[in-house]
Protein chains: 2
Amino acid sequence: MPALEKISYDPNAPVDPRVETLVNELIGRVADKWTLLVLEELEDHGTCRFTQLSRLVPGISQKMLTQTLRAMERDGLLVRTVHPVVPPKVEYCLTDLGHSLGEAFCGVWIWAETNLDRIEKARSAFDARG
Amino acid sequence: MPALEKISYDPNAPVDPRVETLVNELIGRVADKWTLLVLEELEDHGTCRFTQLSRLVPGISQKMLTQTLRAMERDGLLVRTVHPVVPPKVEYCLTDLGHSLGEAFCGVWIWAETNLDRIEKARSAFDARG
DNA sequence: CGGTATCCGAGGGGATACTG
DNA sequence: CAGTATCCCCTCGGATACCG
């Protein structure tokens with residue numbers, strides 16, 4: 001497992017509480033299930049079209065895909081390009097900011113993969129205790 | 001900004017789709033707003049009591065605090081210790097697994113702090129475009 | 001193809017009251 | 001102190017139908 005501890009981050013550093021609230025909101029927004037799945041697919045496949053994404057992201061509805069893509073575009077995580085042709089062609093591509101978010105989430109992704117078994121065992125043990 | 005790119009992670013590595021689903025569910029579970037805030041406070045302050053946490057986590061209701069702590073205990077992220085005294089005294093303490101999750105989320109936290117301004121500008125620009 | 005509009009049910013989550 | 005129980009609102013998100 002890569003050494004994440006190398007990251008220098010002082011949790012005791014004084015942080016403006018207003019900023020802290022904004023950061024919490026931002027993380028809440030960005031740690032959304034669909035956002036993460038769309039982010040993953042765009043990282044893996046590069047530029048994608050709408051229908052392509054709806055096939056790649058398992059279980060997402062048209063509505064949620066539209067909402068998720070709009071929110072990500074608004075946050076500057078991806079760029080939406082409309083090609084003026086018939087039939088319509090719309091492409092979605094991650095920005096540098098989007099890629100950097102993907103990299104930031106790598107640690108969590110690795111953590112989840114690494115500890116999946118451990119957590120399932122913890123759950124079984126907890127449930128067994130009643 | 002620390003080099004997160006040092007983390008070796010091949011997104012093209014073949015992953016059992018069943019495992020992928022479980023990982024996604026796990027991340028969805030763990031990336032919960034209240035879970036992250038409780039995790040942060042326990043990292044900063046060490047072992048805490050129930051009422052102490054309810055004061056530390058801004059805006060959390062008793063109900064959500066109870067639910068969040070139970071879920072985290074079930075996942076093996078923290079240990080709940082009941083001291084048989086009157087008045088009751090219950091202490092919550094992160095496990096190694098809990099700490100490792102906190103470290104994994106460091107990258108996301110730093111990303112959010114680093115890019116907060118950039119995202120607010122992206123939003124303003126998007127909203128201005130109509 | 002790439003959406004928007006509308007309806008609707010499940011459940012997330014707050015407020016309040018009560019208990020060992 | 002550290003919860004549980006109840007009520008209730010209100011948002012999230014799926015299903016369906018329609019449009020440029």
Side-chain angles (χ1 to χ4, degrees), chain A residues 21 24-25 27-39 41-42 45-75 78-94 126 129-130, chain B residues 21 24-39 41-42 45-75 78-94 126-127 129-130:
Chain A
T21 302
N24 287 339
E25 283 172 2
I27 290 182
R29 153 70 197 88
V30 125
D32 167 71
K33 172 187 176 183
W34 297 127
T35 299
L36 290 181
L37 293 178
V38 168
L39 187 67
E41 295 307 330
L42 285 175
H45 299 268
T47 300
C48 287
R49 300 180 61 176
F50 186 88
T51 306
Q52 191 180 357
L53 277 173
S54 72
R55 265 182 278 108
L56 285 172
V57 179
I60 196 169
S61 66
Q62 219 177 30
K63 179 181 180 178
M64 289 317 298
L65 182 54
T66 302
Q67 282 185 18
T68 302
L69 289 171
R70 282 294 178 285
M72 293 177 73
E73 187 193 2
R74 190 172 109 97
D75 289 347
L78 55 75
V79 173
R80 177 173 179 266
T81 309
V82 182
H83 300 271
V85 296
V86 280
K89 180 175 178 181
V90 179
E91 287 184 321
Y92 296 90
C93 180
L94 285 186
F126 182 90
R129 290 201 303 273
Chain B
T21 303
N24 287 339
E25 282 173 2
L26 179 55
I27 291 182
R29 152 69 196 87
V30 125
D32 167 70
K33 172 187 175 182
W34 296 127
T35 300
L36 290 181
L37 293 178
V38 168
L39 187 67
E41 295 306 330
L42 284 175
H45 299 269
T47 301
C48 286
R49 299 178 63 176
F50 186 88
T51 307
Q52 191 181 357
L53 277 173
S54 71
R55 265 181 278 108
L56 284 173
V57 179
I60 196 169
S61 66
Q62 220 176 30
K63 180 182 180 178
M64 288 318 297
L65 182 54
T66 302
Q67 281 184 20
T68 302
L69 289 171
R70 283 294 178 285
M72 292 177 74
E73 186 193 3
R74 190 172 109 97
D75 289 346
L78 56 75
V79 173
R80 176 172 179 268
T81 309
V82 182
H83 300 271
V85 296
V86 279
K89 180 176 177 180
V90 179
E91 287 184 322
Y92 296 90
C93 180
L94 285 186
F126 182 90
D127 295 346
R129 290 201 302 272

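Since the structure is predicted, the reported quantities are computational estimates derived from the model, not experimental observations.
Taking the side-chain contact (heavy atoms from CB on, under 4.5 Å) definition, one finds that R49(B) meets it with Q52(B), K89(B), E91(B), sequence neighbours left out. Considering only residues two or more places apart in sequence or on other chains, D32(B) meets the side-chain hydrogen bond (donor to acceptor under 3.5 Å, both in side chains) condition with T35(B). With sequence neighbours excluded, no residue forms a side-chain contact (heavy atoms from CB on, under 4.5 Å) with V86(B). In terms of the side-chain contact (heavy atoms from CB on, under 4.5 Å) criterion, residue partners of S61(B) (sequence neighbours excluded) are, by chain and number, K63(B), M64(B). Residues satisfying the salt bridge (Lys or Arg N to Asp or Glu O under 4.0 Å) criterion with R29(A), sequence neighbours excluded, are D75(A). For E73(A), there are no side-chain hydrogen bond (donor to acceptor under 3.5 Å, both in side chains) partners two or more places apart in sequence or in a different chain.
When side chains are defined from C-beta on, V90(A) counts as touching R80(A), because their heavy atoms get closer than 4.5 Å. No side-chain heavy atom of I60(B) sits under 4.5 Å from any side-chain heavy atom of L37(B). Annotation: side chain of L53(A) is in contact with side chain of L42(A) (closest heavy-atom distance under 4.5 Å). By the 4.5 Å heavy-atom criterion applied to side chains, L56(B) and C48(B) are counted as neighbours. Residues F50(B) and L69(B) are in side-chain contact: their nearest non-hydrogen atoms beyond the backbone lie under 4.5 Å apart.
Of the residues in residues 48-61 of chain A, those with a non-hydrogen atom less than 4.0 angstrom from any atom of DNA chain C are R49(A), F50(A), T51(A). Less than 4.0 Å separates DNA chain D from no heavy atom of any residue of residues 24-34 of chain B.
To the nearest 0.5 Å, the span separating CZ on R70(A) from CG on L65(A) amounts to 9.5 Å. In this structure, T68(A) OG1 and L39(A) CG are separated by 11.5 Å, a value rounded to the nearest 0.5 Å. A distance of 12.0 Å separates NE2 of H45(B) from CG of L94(B), quoted to the nearest 0.5 Å.
The footprint of chain A on DNA chain C, defined by a heavy-atom cutoff below 4.0 Å, extends from dC1(C) to dC7(C). Using a 4.0 Å cutoff to heavy atoms of chain A, the contacted part of DNA chain D runs 5' to 3' from dG13(D) to dG20(D).
Two residues, P88(A) and K63(A), neighbour DNA chain C, and the one matched to the more 5' nucleotide by heavy-atom proximity is P88(A).
R74(B) and F126(A) get closest at one heavy-atom pair: CG-CD2, 3.4 Å.
Each end of the helix from dC1(C)-dG20(D) to dG20(C)-dC1(D) gets its own rotation axis from five pairs of C1' atoms, and the angle between them is 50° to the nearest 10 degrees.
Residue-level contact check: Q62(B) touches the bases, meaning some heavy atom is under 4.0 Å from a base atom.
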